[in-house]
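A single structure is presented below for examination.
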Amino acid sequence: MSRVDALARRYAASSSLLRYGVEILAVGDPVGSQLNAAVRLLMRTVQEDGPGLWEDLLGSARALRWRLMSHPQPIEFNPALREGAEEVIRQTRRLRGAVANNALLDELSAAAERVCEQDPVLGPVLLRSIQEVGASDCVVVAGSASAGAAMDEWLRPQGVSVLTLSGLKRTPPDVGQSYAVGPPCFFSSSLVTAPVTDAVSFLIPAWFTYRQVPQSVLAPYAEGAIRIRSRVFTEGDVTEPESPAEDEELEEFLPQPVWGTHQSASREPSSDEVEARKLLLSGHRALWLDDGERIRALDPRLPRGERVVYVDVAAVRPGTYLLLREGETEHRALHQAALARLGDRASEIDTTQRAWKQRLQTRLSQRGHWAVERGLRNAGVKTADRARAWREPNLVRPQSDQDFERLLQWLDLPVQPTFGNATSLRREIHRASAQIREQLETTVSAADLTALEHEGHLSLDMKTVGFRSILAARVIAVSPHTEIVPRHEARVPFEDRSGQWLE
């Protein structure tokens, strides 16, 4: 399909949705309704008592409720649902004797047990809908990569395509119907405001009563904005309606990460520390990501041989796959490899690098970050806000030649040989990085990326010294605040279960 044809198809799909609206099929789910009622009672208890002992039970119960909405496949194809229910039961047992509200524990345990006793109600309805339209003329849209991978294992033998919303936008299928598994509010508005199919249907449990269709973020400000209406159909036992979910409560239905208390307050990092944001990764890992310029990543969507890329640190978000060296940062290994390539010049270059960075650290310690930034701006350094990052050993020099020259002058250092030495070091690091990238591409091309999509993480074995153990891991959450951490801990993955209730 040409780009012109694809664009014409988009306009036709938008016109169809504007005329007919979207369909919301709410399916009666007494088992889910019981679980939802128990979870909401638990949340009220936590609000009154504080998280404390309840935190793990609350996290596991919310995760199980989410999986009921997003994993419709039968129990035999649904290990995530089984494991989630078993975890809720385990947490209720752990709290026996530790809390006074045993009735609540009984209710949650009973609800989780019932989840394991029957297949999710959304599955048969989804299958019937697919059969009515035809497997070749529809696509199933999953709310997350893990949910999509699990549904794909179930539906692929029947010839049904399962995509996430990003996959749907990236490679629009030539079909007429999309079935989104989950409430409309948990999908981006682009699913209906920039549709790729003529019809869009949402499948939800009837106990989730917030059914508003998301609109474009520009709709409230646009004259004559397009607003997609919805047609709601119910099926099955809907005799136990829940109270409506209000806007401010919607996030309560999503599994939440545990970030803990902000510890660093407003102090500035010392010479052996960095300010970093915590990333939660798949596989019960986490990473402190500093404010360096870029980090190596893997993009499975790209063609073979082009999947290993660099992304800006500011662009890292949930869904990004990072390539990380376990036990040590890639920057440190590349830095040592580059110095080795420089031979006899390595000692001189290392000396001049240490000298200007130490001078910058002294200014930062004596005057403070804001005063240094202001002084650098007055000296004409356009990227003065990077001052604290430049003192890091593995960040060779500012990107801009002019900024580096003015920085050295502001530090009262001669431009040469420091400028030339830093530039030579950066050139060798880029060469070493290019060699590693080529070997990573070869390793990635031989790896099973289906497992990466399904599990969210994958270990890659390389033959290069210093890079034998590489981890590809999906970012599942990004901390809303930064912390000050030891420099040697930044960009090194570590075990962390703060995201254990996230998909």
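The shown structure was predicted, so the numbers you read here are calculated from the model rather than taken from an experiment.
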Under a 4.5 Å cut-off applied to non-hydrogen side-chain atoms, are V22 and P184 in contact?
->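 Not touching, per the 4.5 Å side-chain cut-off.
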From C185 SG over to I204 CD1, what is the distance, rounded to the nearest 0.5 angstrom?
-> 8.5 Å
Check: V316 main-chain N/O paired with T320 side-chain donor or acceptor under 3.5 Å | no
Please identify each residue that fulfils salt bridge (charged side-chain N to carboxylate O under 4.0 Å, His left out) with D403, with sequence neighbours left out.
-> none
Run the numbers on V39 and R62 for side-chain contact (heavy atoms from CB on, under 4.5 Å), then give the verdict.
-> CA-CA 7 Å; V39 173; R62 288 168 68 167; 4.1 Å; yes
Got a second to check how far N78's CG is from E153's CD, nearest 0.5 Å?
-> 10.0 Å
Could I get the full list of side chain to side chain contact (heavy atoms under 4.5 Å, CB included) partners for P318, not counting sequence neighbours?
->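 Scan of P318 (side chain to side chain contact (heavy atoms under 4.5 Å, CB included), adjacent residues dropped) gives V478.
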Main-chain N/O of G148 paired to D152 side chain as donor or acceptor, under 3.5 Å = no
At their closest point, which heavy atom of A384 faces which heavy atom of R377, and how far apart are they?
-> CB-CG, 3.5 Å
Considering all heavy atoms, the nearest V396-A422 contact |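 Scanning both residues, the minimum pair turns out to be CG1-O, 3.2 Å.
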Sequence neighbours left out, what passes side chain to side chain contact (heavy atoms under 4.5 Å, CB included) with H369? Give chain and number order.
-> E268, L364, E373, R388
Partners meeting side chain to side chain contact (heavy atoms under 4.5 Å, CB included) with R406 (sequence neighbours left out) |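 Result, side chain to side chain contact (heavy atoms under 4.5 Å, CB included) vs R406: V381, Q402, Q409.
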Among pairs that include at least one residue of residues 336-353, which meet salt bridge (Lys or Arg N to Asp or Glu O under 4.0 Å), considering only residues two or more places apart or in two chains?
-> R341-E428, D350-R354
Output the distance between atom OG1 (T383) and atom CH2 (W390), rounded to the nearest 0.5 Å.
->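 Reported value, rounded in 0.5 Å steps: 3.5 Å.
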Smallest separation among heavy atoms of V192 and P214, with atom names | CG2-O, 3.6 Å
Qualifying salt bridge (Lys or Arg N to Asp or Glu O under 4.0 Å) pairs with a residue from residues 358-371, counting only residues at least two apart or across chains =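 The answer is R363-D412.
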What residues, two or more places apart in sequence or in another chain, satisfy side chain to side chain contact (heavy atoms under 4.5 Å, CB included) together with T442?
->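 For T442 there are no side chain to side chain contact (heavy atoms under 4.5 Å, CB included) partners, ignoring immediate neighbours.
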CZ of R317 to CG of L279, rounded to nearest 0.5 Å, is 12.0 Å
Any salt bridge (Lys or Arg N to Asp or Glu O under 4.0 Å) involving residues 300-316? Give me the pairs, sequence neighbours left out, ordered by first then second residue.
-> D299-R301
L323 versus A472, closest heavy-atom pair with distance | CD2-CB, 3.7 Å
At what distance, to the nearest 0.5 angstrom, does CZ of R285 lie from CG of L471?
->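 CG of L471 is found 4.5 Å from CZ of R285.
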Among V485, T482, V274, I484, find the one that has a side chain to side chain contact (heavy atoms under 4.5 Å, CB included) with W288.
-> V485
Test side-chain contact (heavy atoms from CB on, under 4.5 Å) applied to V196 and V139, step by step = CA-CA 10 Å; V196 300; V139 62; over 6 Å; no
For W356, all residues meeting ring-ring contact (aromatic ring centres under 6.0 Å, His included), sequence neighbours excluded |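 Per chain and number, W356 pairs via ring-ring contact (aromatic ring centres under 6.0 Å, His included) with F404.
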When the aromatic ring centroids of F208 and F186 are compared, is their separation below 6.0 Å?
-> yes
For R44, all residues meeting salt bridge (charged side-chain N to carboxylate O under 4.0 Å, His left out), sequence neighbours excluded |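 Residues passing salt bridge (charged side-chain N to carboxylate O under 4.0 Å, His left out) with R44: none at all.
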What pair of heavy atoms forms the shortest contact from W410 to A379, and how long is it?
-> CD1-CB, 3.9 Å
Closest contact, heavy atoms only, F187 versus V181 |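 It is CZ-O, 3.5 Å.
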Excluding sequence neighbours, so at least two apart, what forms salt bridge (charged side-chain N to carboxylate O under 4.0 Å, His left out) with E441?
-> R437
Expected output: side-chain T352 to main-chain I349 donor-acceptor under 3.5 Å |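 Yes: the side chain of T352 pairs with the backbone of I349.
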Output, in order, the C-alpha distance, side-chain angles, deciding distance and verdict of side-chain contact (heavy atoms from CB on, under 4.5 Å) for R296 and V308.
-> CA-CA 7 Å; R296 202 185 293 272; V308 177; 3.8 Å; yes
Using atom types as modelled and distance alone, determine if a side-chain donor or acceptor of R277 lies under 3.5 Å from a backbone N or O of P480.
-> yes
Mind checking the CD-CE spacing from Q47 to M43? Nearest 0.5 Å is all I need.
-> 6.5 Å
For the pair L163 and V140, evaluate side-chain contact (heavy atoms from CB on, under 4.5 Å) and give the outcome as yes or no after the intermediate values.
-> CA-CA 6 Å; L163 298 171; V140 174; over 6 Å; no
K278 side chain vs E483 backbone, donor-acceptor pair below 3.5 Å |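 Here the side-chain-to-backbone pair does not exist.
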In chain order, what residues pass the salt bridge (charged side-chain N to carboxylate O under 4.0 Å, His left out) check against R397, with sequence neighbours excluded?
-> D401
